[in-house]
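A, B, ... follow the sequence lines: proteins, then strands. Residue 1 opens every chain. What's counted below: heavy atoms across the whole structure, side chains too, no hydrogens, waters or symmetry copies.
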Protein chains: 4
Amino acid sequence: MAGATGVGAPSTSKGDRTRRRLLDAAAAEVARVGAAGASLSGIAAAAGLKTGSIYFHFASKDELIATMLEEGLRESLRLLDEALAAVADLDAGARLRAGVRAHLRALHELGDYAAVVLAQGAAEVPAAAAFPRLRRAHVGRWTELVADAQAAGVLAGGLDPRDARDLLFGAMNSALGRPGWSPEGTASALCRMLRLDG
Amino acid sequence: MAGATGVGAPSTSKGDRTRRRLLDAAAAEVARVGAAGASLSGIAAAAGLKTGSIYFHFASKDELIATMLEEGLRESLRLLDEALAAVADLDAGARLRAGVRAHLRALHELGDYAAVVLAQGAAEVPAAAAFPRLRRAHVGRWTELVADAQAAGVLAGGLDPRDARDLLFGAMNSALGRPGWSPEGTASALCRMLRLDG
Amino acid sequence: MAGATGVGAPSTSKGDRTRRRLLDAAAAEVARVGAAGASLSGIAAAAGLKTGSIYFHFASKDELIATMLEEGLRESLRLLDEALAAVADLDAGARLRAGVRAHLRALHELGDYAAVVLAQGAAEVPAAAAFPRLRRAHVGRWTELVADAQAAGVLAGGLDPRDARDLLFGAMNSALGRPGWSPEGTASALCRMLRLDG
Amino acid sequence: MAGATGVGAPSTSKGDRTRRRLLDAAAAEVARVGAAGASLSGIAAAAGLKTGSIYFHFASKDELIATMLEEGLRESLRLLDEALAAVADLDAGARLRAGVRAHLRALHELGDYAAVVLAQGAAEVPAAAAFPRLRRAHVGRWTELVADAQAAGVLAGGLDPRDARDLLFGAMNSALGRPGWSPEGTASALCRMLRLDG
DNA sequence: CATGAATGAGTGTTCATTCAT
DNA sequence: CATGAATGAACACTCATTCAT
């Protein structure tokens with residue numbers, strides 16, 4: 001929610017830095033008014049450029065927004081995987097809790113990128129921006145986490161893990177709507193509601 | 001998600017019927033591309049009118065969309081209250097389960113109206129469209145339901161009921177994203193995950 | 001300038017009265033925002049009608065405005081002739097002074113009609129509204145008055161009476177721009193400037 | 001009245017030249033049909049542009065027209081001051097005659113700009129376009145000229161100099177309505193009528 | 001007589017996009 | 001790399017006009 005620094009690694013060239021400013025500005029603008037409502041002139045102004053200059057970095061509005069979405073999703077997946085790797089040896093309940101904490105931390109850190117990728121999904125977004133591979137990977141990770149937790153009995157069984165996963169996802173992403181939320185607080189509240197406490 | 005039946009009672013005059021067609025078309029369009037992305041020409045075409053004719057029925061795009069949102073929210077509140085009235089004498093857990101079922105049924109019946117009111121909220125919508133009374137009433141109903149369930153011990157205590165309410169809301173509204181979902185199935189899945197089973 | 005009752009004789013039928021209300025409203029609206037800026041819906045509303053109803057009384061916006069202009073010009077000519085008839089026997093200076101007083105009184109009485117006909121002229125007005133006969137008659141009367149005064153030596157000679165007439169006209173019509181002006185005061189001021197005092 | 005040469009000094013950049021073409025076209029269009037009746041598409045076409053391109057140079061129709069009016073008024077004031085400076089040492093009658101000649105020359109040179117600023121005033125023009133400083137300066141200059149002439153006895157006394165000034169103004173501006181008028185001819189005619197002859 | 005409802009051409013304005021500089 | 005300038009298609013909205021009721 002807060003003004004994020006963005007997503008990328010430290011870039012070297014001036015062109016790369018401008019590109020990053022544009023992606024950040026696009027994320028903020030899209031989070032504020034949606035993909036359809038965001039204007040290239042607004043994004044350019046927020047990045048300290050004139051409108052036409054965007055086209056040196058991106059071929060079209062769609063490409064700019066798709067790139068921004070993809071980077072947000074990729075980073076969000078990276079943070080999740082990092083967190084899960086650290087708890088690979090623990091039991092299913094602990095891994096699920098770690099996933100929840102990681103997702104909420106990602107939501108918080110990624111700022112506008114997360115707001116866009118996770119809250120709005122790809123609804124208003126151009127078809128080209130589906131990048132299904134990343135999306136499948138992300139979703140798959142969560143389906144696995146949930147199914148393992150069900151198998152271990154720490155999460156209610158008897159229901160399709162994909163349904164359970166979506167409900168969990170909806171609950172987590174609702175945090176983006178609240179001002180001043182903290183990842184840790186929301187994670188512990190959610191785990192308590194699901195009786196997931198260690 | 002599917003083409004909505006709409007919201008209103010059978011109207012008599014020709015003008016009323018056109019107005020309803022416009023509201024239905026607006027709901028569908030906004031659900032598809034967001035308020036900013038929806039175009040009056042698209043809405044008019046879907047309602048079988050020419051663009052300019054909209055202005056005989058609504059003073060502006062904002063008024064059209066705000067009216068649609070308000071009717072959706074009002075109807076959704078009505079359905080919730082109706083369901084709660086029928087279980088007023090039961091215990092807090094049963095009332096919460098009834099609320100969940102009612103909300104999901106409303107989501108399903110209201111079609112595009114709900115997709116808009118509940119998923120996007122009034123985020124992108126003009127300030128005039130906040131209709132805060134309805135929104136407060138709706139939110140208040142849910143805070144009460146959740147707080148009662150916490151007090152009765154059927155829902156995890158120790159956390160702000162408003163946080164719990166938002167998590168619950170997020171989980172329920174996530175159903176709109178899935179194709180072919182059923183209100184009853186989702187309700188039972190959610191209740192099971194929360195260990196709310198009567 | 002002030003809200004005028006209009007121009008016409010007492011009418012009998014209800015249709016005639018509606019017609020008059022429309023002409024009055026048109027005069028006011030055109031005086032306020034110009035012929036191009038005046039809208040039929042505004043005029044209709046000011047006359048207590050719905051827009052479409054205008055077409056029962058006038059075939060088009062142009063016809064409505066042209067009729068209003070013509071009535072204003074005709075009445076203004078009538079008032080001038082009336083005043084001149086009363087001083088037909090006096091000398092040229094007295095007749096010119098009477099004309100000035102009559103014109104300024106007409107400007108004052110005719111209200112919005114005069115504002116339109118005399119100030120804006122037929123500049124913005126449709127070609128059909130030129131009604132050249134009336135205009136020629138009006139202009140002709142003034143050329144004569146001025147030429148007679150020049151011949152009699154009470155108005156500076158040595159210049160084309162049509163030029164003198166236009167300068168005089170411009171001076172008189174400038175009164176419409178001043179708030180709270182009186183016909184008598186302006187007439188005496190103008191006569192004094194021209195050294196026309198009896 | 002005829003196609004105006006415009007107002008500005010020779011500009012260098014391409015944008016400045018386009019801007020000037022737009023202002024000239026706007027002056028012509030507004031002189032022809034009034035501010036409300038003038039259309040941006042007409043103005044753009046007359047300037048050899050497409051409608052939307054206007055917005056690169058002016059933020060709105062109002063700004064375009066207001067700018068045009070202001071430049072016209074400013075230039076007209078400049079021409080007046082220039083002429084008055086050249087006769088600062090002469091008597092009040094000579095100064096008034098110089099003012100009349102200067103005003104009529106300005107009317108003639110400024111073409112459509114003058115037609116608009118002086119004939120229509122800022123009546124139909126948005127509030128933002130009043131530029132009251134310029135207007136006050138222009139009006140003040142004339143009040144002074146007239147009052148001095150009255151005090152010196154060369155113009156009839158016994159009447160409010162502001163009234164005399166407005167009558168004078170109306171007479172001078174009436175020249176705009178006549179085809180083929182010359183500033184010198186009109187000035188001498190007016191001065192003769194007012195017995196101002198040096 | 002008058003209205004309710006609709007139309008189509010027009011308005012001012014925005015915006016993604018292009019391209020010479 | 002970036003800008004200044006322009007375009008054309010879209011947009012929300014207005015308005016004169018029509019016509020069944």
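- When rounded to the nearest whole Å, the span between CG of A:L22 and P of E:dA16 equals 13 Å.
- Backbone-only engagement by A:A38 is indicated by non-hydrogen atom pairs under 4.0 Å involving sugar-phosphate atoms exclusively.
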Note to self: Counting Watson-Crick and G-U wobble pairs with both distances under 3.5 Å, what is the dot-bracket string for DNA chain F, 5' to 3', using [ ] for crossing pairs and | for pairs to another strand?
What the structure shows: .||||||||||||||||||||

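- F:dA16 atom P lies 8 Å from atom CD1 of C:I43, rounded to whole Å.
- Under the rule for a side-chain contact (heavy atoms from CB on, under 4.5 Å), the partners of B:R74 that lie at least two apart in sequence or sit in another chain are B:E70, B:L134.
- Distance B:K14 NZ to E:dA5 P: 8 Å, rounded to the nearest Å.
- Atom NZ of D:K61 and atom P of E:dG12 are 5 Å apart (whole Å).
- As rounded to whole Å, 15 Å separates atom P of F:dT7 from atom CG of D:L40.
- Atom CD of C:E71 is separated from atom CG of C:L110 by 11.0 Å, given to the nearest 0.5 angstrom.
- Near-neighbour residues of DNA chain F inside residues 46-60 of chain B, defined by a heavy atom below 4.0 Å, number-ordered: B:G52, B:Y55, B:S60.
- Of the candidate nucleotides E:dA6, F:dC13, E:dG12, E:dA6 has the atom lying nearest to any side-chain atom of B:T18.
- The side-chain heavy atoms of C:Y113 and C:E75, taken from C-beta on, include no pair separated by under 4.5 Å.
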